[in-house]
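Accompanying notes for the structure given below.
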Amino acid sequence: LLTAQVSPDNRYLATLCIGNKGGSVHIMRLDSPDEVAQYEAEETVVTDLRWLENNRIFLLEREKCTVIGRDGRPVGSLEFGDKVVTAFDYGDGFAAIMLCDYISGKNGTLISVGPDCTILGQVAVTTGLQALDAYRGSVGLLCGDGVHKYTKTLSKGGNADSEAGVIDLVVRYNSDVFLITQNTALIRNF
């Protein structure tokens with residue numbers, strides 16, 4: 001078992017497991033010990049899962065992402081080609097995924113993927129990604145040249161300089177951003 005998550009309606013549980021044939025997702029009702037559905041990802045490792053709207057589950061793999069329904073059947077998938085996932089997070093109904101040429105890369109392309117595995121938007125990140133956070137319909141990036149805020153379609157929402165010593169950021173419910181240092185949290189408005 002790698003991870004598990006309860007559905008937004010609190011009726012189902014999805015578990016992500018790895019075995020000798022690859023990854024698998026098991027979907028169960030919370031009021032029953034019986035499995036409702038299963039998805040097998042043979043010959044690949046699924047690294048994360050997240051329930052989305054409409055009873056769909058987002059699966060992140062090394063080479064692609066896949067969305068499955070509650071019935072365990074694939075709804076769509078998106079291949080990453082020769083790019084490597086270096087950071088990711090989830091907002092409401094989308095995933096923000098940083099794709100780079102190398103596993104240690106901080107420059108590359110940020111994509112936003114919707115609940116049917118279509119690309120909602122993409123933007124080049126060329127100033128060294130240090131942190132990524134998504135919440136509701138917003139994405140926040142901490143880069144070498146400051147803080148950048150985007151919508152879930154990766155339209156620019158604003159940018160600001162970051163203070164020295166900032167190590168992380170958190171997008172808040174009202175779309176402000178907390179900049180986290182070793183000792184403090186600063187608020188940036190956009």
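Residue numbers start at 1 and run along the sequence shown.
At distances below 3.5 Å, not a single donor-acceptor pair connects side-chain atoms of N54 with backbone N or O atoms of R56. In this structure a side-chain-to-backbone donor-acceptor pair under 3.5 Å is missing from T153 to G121. A donor-acceptor distance shorter than 3.5 angstrom exists from the side chain of N107 to the backbone of G128, with no hydrogens or angles considered. In this structure a side-chain-to-backbone donor-acceptor pair under 3.5 Å is present from D133 to V171.
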Could you walk me through whether T47 and V85 pass side chain to side chain contact (heavy atoms under 4.5 Å, CB included), step by step? CA-CA 11 Å; T47 57; V85 177; over 6 Å; no
Let's go through L154 and L120 carefully: what are the C-alpha distance in whole Å and the side-chain angles of both, what is the deciding distance for side chain to side chain contact (heavy atoms under 4.5 Å, CB included) to 0.1 Å, and is it a yes or a no? CA-CA 8 Å; L154 299 182; L120 302 175; over 6 Å; no
Side chain to side chain contact (heavy atoms under 4.5 Å, CB included) for R172 and I187? Distances and angles first, verdict last. CA-CA 9 Å; R172 296 183 346 140; I187 297 175; 4.1 Å; yes
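The neighbour count for D161 CG, taken as heavy atoms of other residues, nucleotides or ligands under 6.0 Å away, does not exceed 12. Within 6.0 Å of CZ on R62 lie no more than 12 heavy atoms contributed by other residues, nucleotides or ligands. Surrounding NZ of K21 are at most 12 heavy atoms belonging to other residues, nucleotides or ligands under 6.0 Å away.
Residue G72 comes nearest to I27 through the heavy atom pair N-CD1, 4.2 Å, listed as atom of the first residue, atom of the second, then distance. Across all non-hydrogen atoms, the minimal contact from K152 to D92 is NZ-O, 3.9 Å. In terms of heavy atoms, A14 sits closest to V25 at CB-CG1, 4.4 Å. The two residues V75 and G69 come nearest to each other via the heavy atoms CG2-N, 3.7 Å. In plain terms, the two heavy atoms of A95 and F58 that are nearest each other are CB-CZ, 3.6 Å. Nearest heavy-atom pair, H26 versus C17, reported as atom, atom and distance to 0.1 Å: CD2-SG, 3.8 Å.
Under 3.5 Å, the side chains of E61 and T66 contain a donor-acceptor pair of N or O atoms. A donor atom on one side chain and an acceptor atom on the other are not found under 3.5 Å apart for N55 and Y12.
Under the 4.5 Å side-chain heavy-atom criterion for ILVMFWY residues, a single connected hydrophobic cluster contains both I68 and I18. Hydrophobic clustering (ILVMFWY, side-chain heavy atoms < 4.5 Å, transitive): V147 and F178 are in distinct clusters. Under the 4.5 Å side-chain heavy-atom criterion for Ile, Leu, Val, Met, Phe, Trp and Tyr, V36 and V67 are members of distinct hydrophobic clusters. Hydrophobic cluster membership is shared by L99 and Y90, with clusters built from Ile, Leu, Val, Met, Phe, Trp and Tyr side chains linked at under 4.5 angstrom.
In this structure, CD1 in I97 is found 7.0 Å from CG in L78, a value given to the nearest 0.5 Å. In this structure, the separation between CG on L16 and OG on S24 is 7.5 Å, given to the nearest 0.5 Å. From F88, atom CZ reaches atom CG of L60 across 5.0 Å, with rounding to the nearest 0.5 Å. With rounding to the nearest 0.5 angstrom, the CZ atom of R29 is 4.5 Å from the CZ atom of R11. Of the inter-residue distances, the one linking R50 atom CZ with D89 atom CG reads 7.0 Å to the nearest 0.5 angstrom. To the nearest 0.5 Å, atom CZ of residue F94 and atom OG1 of residue T151 are 8.5 Å apart.
For the pair T15 and M28, the minimum side-chain heavy-atom distance is below 4.5 Å. Taking 4.5 Å as the limit, some side-chain heavy atom of I167 sits within range of a side-chain heavy atom of Q182. The shortest distance between side-chain heavy atoms of L132 and L110 falls below 4.5 Å. A 4.5 Å side-chain heavy-atom check between I57 and Y39 finds every atom pair outside the cut-off. Residues V170 and Y135 have side chains not in contact (no heavy-atom distance under 4.5 Å, counting atoms from C-beta outward). With a 4.5 Å cut-off on side-chain heavy atoms, V125 and H148 do not count as touching.
Annotation: cation-pi pair R136/Y173 absent, no NZ/CZ under 6.0 Å from the ring centroid and within 45° of its normal.
Remark: V166 pairs with L142, S162, E163, L179, T181 by the side-chain contact (heavy atoms from CB on, under 4.5 Å) rule, at least two apart or across chains.
Under the 4.0 Å criterion applied to side-chain N and carboxylate O atoms, K83 and D101 are assigned as salt-bridge partners.
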